[in-house]
Amino acid sequence: MPLCDLPGSGTPLAEDEAEDLLRCICFKTGPPGTVGVELEWFVHASHLPHLPVPPDRLRTAFDGLRSLPLRSALTFEPGGQLELSSPPAASLTECVSTVQADLAAVRGALAAHGLSLAGFGLDPWHAPRERLLREPRYDAMEAHLDRSGPAGRAMMCDSASVQVCLDAGYEEPGPQGYERRWRLAHLLGPVLVAAFANSPCRRGPWAGWRSARQAMWAVLDPVRGLAPPARRQPRTAWAGYVLDAPVMCVRAEAGPWTAPEDLTFRDWLRGGGPRPATRADLDYHVSTLFPPVRPRGHLELRMIDAQSGDDGWLVPLAVTAALFDDPEAAEAVYRIVAPLADGPGPPPRSPLWLSAARDGLSAPALHSAAVACFALALAALSRTGAPTAVRDAVAAFSERHVVPGRSPADDRPAPVTGKDIRT
């Protein structure tokens, strides 16, 4: 670990410096076009997915994956979910090609251990397992999130998503300016939630929701899972949101990390913490915030459930990239989703976001918007020369799910045990 990244190392950070960093670094502007994707997967026994995989078996398989020559970053979530994060790609075609090659390598290595990847927003067979990763970060995260109820542990150990990463956009105002793209990400968000809802629950507090994963995000934490104020200038809104968010943990070089109560990062900058806050602490604090759209130099869209099938992830990636980066599609889709803006409450707690998670594409307004958005995406993918396989996957998904108004959750069969064991 570089010295500057050690907990507590570095020059103490002033409040105005922190605001400047958040305003400038989190919204790096320039021509749109770069695309990336982060894919989370559950790892199940290939032939008996309803049986839990023993932790030692998972660890052995994961140790073998670390030596694979992947271009994507390979990491693991607290419950043993596997994550692949693609490098920034200059085109959708390049991104898809890279991730497909890396996934093939990972699947082959897992198959040697009798394991396979499964794409669901929540594990359909298993209640949240004990954490596989015992690290100070996750100990402190668990302690912090437990204060708001059980959703935190479920998110850590039992959820998986497709996260699409896109350029923030131009500095100048306009359809491809960063302010418009930031606004579009939040307006389009509930349509993406509904179209790709893939985490139904049949029992427990989330019974009846198409995207129980998204419903959990709405109650995860009083602040860190919510969007900044929509009507404020994005840089100003984001800087205020970050500084006024509770600190999840204070890192330490040795021993446990503390999970302070009622300490915002702004309080810490003003001397309220156990030691002076540094730039490294600010960077880490941003990584512990989970709004549906997170600016990290680029825009990270975090509201999409993991998708079933080997290449199910292709569809949300292609649709989102096409609607943002094709100028004609971006302008048309903005006109479609702008009337959907609702309130009160920030995403994902606003009525439309909650309807998207609960009702999916059975909600008439979201169904109509999704049909129009997929048509625009298909036209844009044709204009930009996207691979035939990608266009075919989007068209097939639209025909099977979007046009008839059925989210993937509506097609989910009952677990092989004959009952839903989730509580």
Side-chain angles (χ1 to χ4, degrees), residues 32-41 71-72 84-104 117 119 121 160-167 169 176 181 184-185 187-198 293 298-334 336-337 361 369-403 406-408:
T34 305
V35 62
V37 68
E38 300 176 19
L39 304 177
E40 296 171 343
W41 304 86
R71 291 192 60 199
S72 301
L84 278 178
S85 301
S86 75
S91 68
L92 174 64
T93 300
E94 178 186 329
C95 183
V96 168
S97 176
T98 297
V99 175
Q100 284 181 324
D102 287 345
L103 277 173
L117 300 177
S161 67
V162 173
Q163 298 176 23
V164 180
C165 301
L166 303 166
D167 283 320
Q176 291 293 298
R181 286 166 69 88
L184 176 58
L187 291 170
L188 185 61
V191 180
L192 297 175
V193 170
F196 299 111
N198 192 35
V293 183
H298 55 273
L299 299 183
E300 187 180 81
L301 279 68
R302 305 172 49 84
M303 70 287 294
I304 302 170
D305 283 351
Q307 298 297 291
S308 304
D310 288 351
D311 289 328
W313 57 274
L314 281 174
V315 180
L317 170 63
V319 168
T320 308
L323 293 178
F324 272 79
D325 290 346
D326 179 85
E328 183 178 336
E331 183 61 24
V333 75
Y334 189 86
I336 289 168
V337 296
L361 291 180
V371 170
C373 288
F374 268 72
L376 289 170
L378 280 167
L381 291 169
S382 296
R383 281 194 298 273
T384 56
T388 301
V390 172
R391 287 180 279 142
D392 288 348
V394 173
F397 186 96
S398 181
E399 182 177 350
R400 178 176 178 179
H401 293 293
V402 178
V403 173
R406 294 179 56 83
S407 304

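- The two residues R391 and A386 have their closest heavy-atom pair at NE-O, 2.9 Å.
- A369 and V191 get closest at one heavy-atom pair: CB-CG2, 4.0 Å.
- Between V96 and the options V35, L314, D311, a side chain to side chain contact (heavy atoms under 4.5 Å, CB included) holds for only L314.
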Yes or no on side-chain contact (heavy atoms from CB on, under 4.5 Å) for L378 and V319, after CA distance, side-chain angles and deciding distance? CA-CA 8 Å; L378 280 167; V319 168; over 6 Å; no
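- The aromatic rings of F397 and F196 sit tilted relative to each other, their planes meeting at an angle between 30° and 60°.
- Residues that satisfy the side-chain contact (heavy atoms from CB on, under 4.5 Å) test with T93, not counting sequence neighbours, are S91, P387.
- A side chain to side chain contact (heavy atoms under 4.5 Å, CB included) with W313 is found for exactly one of L84, L103, I304, V164, namely L103.
- Within 6.0 Å of atom CZ in R400, 12 or fewer heavy atoms from other residues, nucleotides or ligands are found, so the atom counts as exposed in its surroundings.
- Taking the charged nitrogens against the carboxylate oxygens, R71 and D102 have no contact shorter than 4.0 Å, which rules out a salt bridge.
- Atoms NE2 and CG, from H401 and N198 in turn, are 8.0 Å apart once rounded to the nearest 0.5 Å.
- In this structure, the side chain of H298 does not engage the main chain of L166 through any donor-acceptor pair within 3.5 Å.
- The closest donor-acceptor contact from the side chain of D167 to the backbone of G33 lies under 3.5 Å.
- Checking side-chain atoms of Q163 against main-chain N and O of S161 turns up no donor-acceptor pair under 3.5 Å.
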